Amino acid sequence: MSNESTASSNFIEDIIESDIRNNKNNGEVVTRFPPEPNGYLHIGHAKSICLNFGLAKKYKGRCHLRFDDTNPGKEDVEYVDSIMEDVKWLGFDWGRHLYYASDYFDRLYDYAVQLIKEGKAYVCDLNADEIRKYRGTLKEPGKESPYRNRSVEENLDLFARMKAGEFANGERVLRAKIDMKSGNINMRDPVIYRIQKSEHHRTGNIWCIYPMYDFTHCLSDSLEEITHSICTLEFENNRPLYDWVLDELKVKRHPQQIEFARLNLNYTVMSKRRLLELVKGGYVKGWDDPRMPTISGLRRRGFTPEAIRDFCERIGVAKADSVVDIALLEHCLREDLNRRAARVMAVLRPVKVIIDNYPEGKTEDLQAENNPEDALAGTRMIPFSRELYIEEEDFMENPPKKYFRLSLGQEVRLKHAYIIKCKRIVKDEKTGQVNELHCSYDPKTKSGSSEENRKVKGTLHWVSAQHAADAEVRLYEHLFSKENPDSGEEDYKKNINPLSFELLTGCKVEPSLLNVKHGTNYQFLRQGYFCVDPDSSGKMPVFNRTVSLRDTWAKIKKKEGK
RNA sequence: UGCCCGAUGGUGUAAUUGGCAACACGUCUGACUCUGGAUCAGAAGUCUCCAGGUUCAAGCCCUGGUCGGGCAGCCA
């Protein structure tokens, strides 16, 4: 596992290295990952997590996990728990540095009082609608609120009464007194506290006023002595406000906010709002639906933390918005799984093969390597007998050229077993469907025996019919059929790929797969990587297709089809 | 005639901070193979958004454009 080290540097590291050279913050590097617990983490968060924890590790600093829980209406412990689980699963450790913005509510309140005392904040009685109107537009400056010049005493009194619960939701807010004519709308006397009489998942009902993001975030960073506060591009316009609050309050540590471009992936949607909608609307089976780009979805799909970290490393960090090709994610996954997943044989769409010249009732145990990429993975025995299953698509009555698989009169090797030749087809009289393939085998061609080293073009996977276990297999593809499903012209939900999920029952797998541990990754030979779903039981193993193998034959077919 | 940010092969990032544009994914060839997997070898593809300027030298600096993104929650 050497997927760190020599990746080329990015502009954030340049800034940090320069800060270290100048002994800024005494050369300390402290970062944080600050999720709001209002949804599940997704691969875009993974980029931020890898960045923040990675930076802390690289520069021997630390990275905090802080829940930005200032909006009780939308937040929930369910999300807190899942976020912690996901960060841990990704392989990061915040140690004792677990924080909640809600832990700072008292201090934040004191800071607000300080601002009021210095005449830099005021209680405003305008309602939300009026505030919007006074704010002006992108092109026109705003107007000052009629409540802007209240006395400090009156502001103090009103703010205390807001806290005491004397007013209804929305009746008053606390605003920073900055500049209603600023070109940056965030600076037009932003609201920093609002009344919200709802129960908070951690502080219960003791607060009925809650601080806004712009006030909370910078001060939380400062309180935790963060040095580099890394966030996504949409907060660029908030940076002047971030700096304003810290400057006016004259805090000891003033972290530097640095923005980077969030991750976008083609064939998927990433916004929390969209993901929530997919879950709540029943378009997927939950936050951990294997088609979701959530960490829990990827985990259930069979992704490994290593693959995700490697991906985050490779995509880099920059300020230009971009869309990463999902093929890169899949590449990282295959690369990791290739060296760790045990090979097994599973027939997804079985067709029966009868080897006429193989003795009835005979069973042989054949040795099979578990992973050709890993000598330490060892071998196992798999049973072979007269009746087998092979993959439906591995036989064609009228094969096109370059078809290396089984057809009438043609030979193929059965992996780890013998070379067989197809002699006769038994079809259903009515449907014409192939029921049985009668073959002969050549006893001299047993795998491992050196006498007969005849080469055949094709090698198939198979399972012994009497020994095979039944299994359920769930096939997944991209959730959306368009590269950019949410481009705006149409409802993104119209672009959901109807083939993104396919359920296969009656699959036949080798007996070693009967009692397997949830989450284990396997490679089904010639098919792809699959992992054991939590729905799996000792009676009926259930596998999710994580990702298919690279398939040159499929590519050839596709090309010729066009 | 608001403010802020960005632009380098198809995609994502680099470029010793001003020195003959590189890496990865993808694509295409070929070799090898008891996985049409993996691996190996190779190829095509960017004259760095445009126009000026500074300089012996510009993807990097300056000026002006063009195009793209973000901002008008009592969300974060």
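Each chain gets a letter, A, B and so on, in the order the sequences are listed, and its residues count up from 1. All of these numbers come straight from a predicted model, not from anything done at the bench.
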May I ask you to say what [X] touches in the nucleic acid, namely base, sugar-phosphate or nothing, with a heavy-atom cut-off under 4.0 Å?
{"X": "L126(A)", "answer": "base"}
{"X": "R343(A)", "answer": "base"}
{"X": "K555(A)", "answer": "sugar-phosphate"}
{"X": "Y193(A)", "answer": "nothing"}
{"X": "Q523(A)", "answer": "base"}
{"X": "K457(A)", "answer": "nothing"}
{"X": "V317(A)", "answer": "sugar-phosphate"}
{"X": "R405(A)", "answer": "base"}
{"X": "D14(A)", "answer": "base"}
{"X": "L525(A)", "answer": "base"}
{"X": "N127(A)", "answer": "base"}
{"X": "A320(A)", "answer": "sugar-phosphate"}
{"X": "H416(A)", "answer": "base"}
{"X": "N38(A)", "answer": "nothing"}

Between [N] atom [atom2] and [X] atom [atom1], what is the distance in whole Å?
{"X": "E330(A)", "N": "U27(B)", "atom1": "CD", "atom2": "P", "result": "11 Å"}
{"X": "E259(A)", "N": "A76(B)", "atom1": "CD", "atom2": "P", "result": "18 Å"}
{"X": "L138(A)", "N": "G73(B)", "atom1": "CG", "atom2": "P", "result": "10 Å"}
{"X": "D321(A)", "N": "G6(B)", "atom1": "CG", "atom2": "P", "result": "11 Å"}
{"X": "F235(A)", "N": "G73(B)", "atom1": "CZ", "atom2": "P", "result": "15 Å"}
{"X": "F167(A)", "N": "C74(B)", "atom1": "CZ", "atom2": "C1'", "result": "15 Å"}
{"X": "E140(A)", "N": "G2(B)", "atom1": "CD", "atom2": "C1'", "result": "10 Å"}
{"X": "I382(A)", "N": "U35(B)", "atom1": "CD1", "atom2": "C1'", "result": "13 Å"}

With a 3.5 Å cut-off and just heavy-atom distances, do the side chain of [X] and the base of [N] make a donor-acceptor pair?
{"X": "N237(A)", "N": "G70(B)", "result": "yes"}
{"X": "R550(A)", "N": "G36(B)", "result": "no"}
{"X": "R314(A)", "N": "U13(B)", "result": "no"}
{"X": "E373(A)", "N": "G37(B)", "result": "yes"}

Query raised in the report: Which heavy atom in Y492(A) sits nearest to a heavy atom in F480(A), and how many Å separate them?
Result: O-CE2, 3.5 Å
Query raised in the report: Syn or anti for U8(B), taking syn as within 90° of 0?
Result: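 Anti conformation for U8(B).
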Query raised in the report: With distance as the sole criterion, is a donor-acceptor pair present between the side chains of Q527(A) and Y522(A) under 3.5 Å?
Result: no
Query raised in the report: Between F384(A) and W462(A), does the ring centroid distance fall short of 6.0 Å?
Result: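 Ring centres of W462(A) and F384(A) closer than 6.0 Å.
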Query raised in the report: K272(A) or G316(A): which one's nearest nucleotide on RNA chain B is closer to the 5' end?
Result: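 Whichever sits nearer the 5' end wins; that is G316(A).
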Report task. Go through the steps to decide whether R454(A) and T445(A) satisfy the test side-chain hydrogen bond (donor to acceptor under 3.5 Å, both in side chains), and finish with yes or no. Result -> CA-CA 8 Å; R454(A) 214 177 340 139; T445(A) 60; 5.3 Å; no
Report summary line: Out of C34(B), A76(B), U35(B), minimum distance to the side chain of P372(A) belongs to U35(B)
Requested in this report: Decide yes or no for M212(A) and T70(A): does some side-chain heavy atom of the first lie under 4.5 Å from some side-chain heavy atom of the second?
Outcome: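 No, their side chains stay 4.5 Å or more apart.
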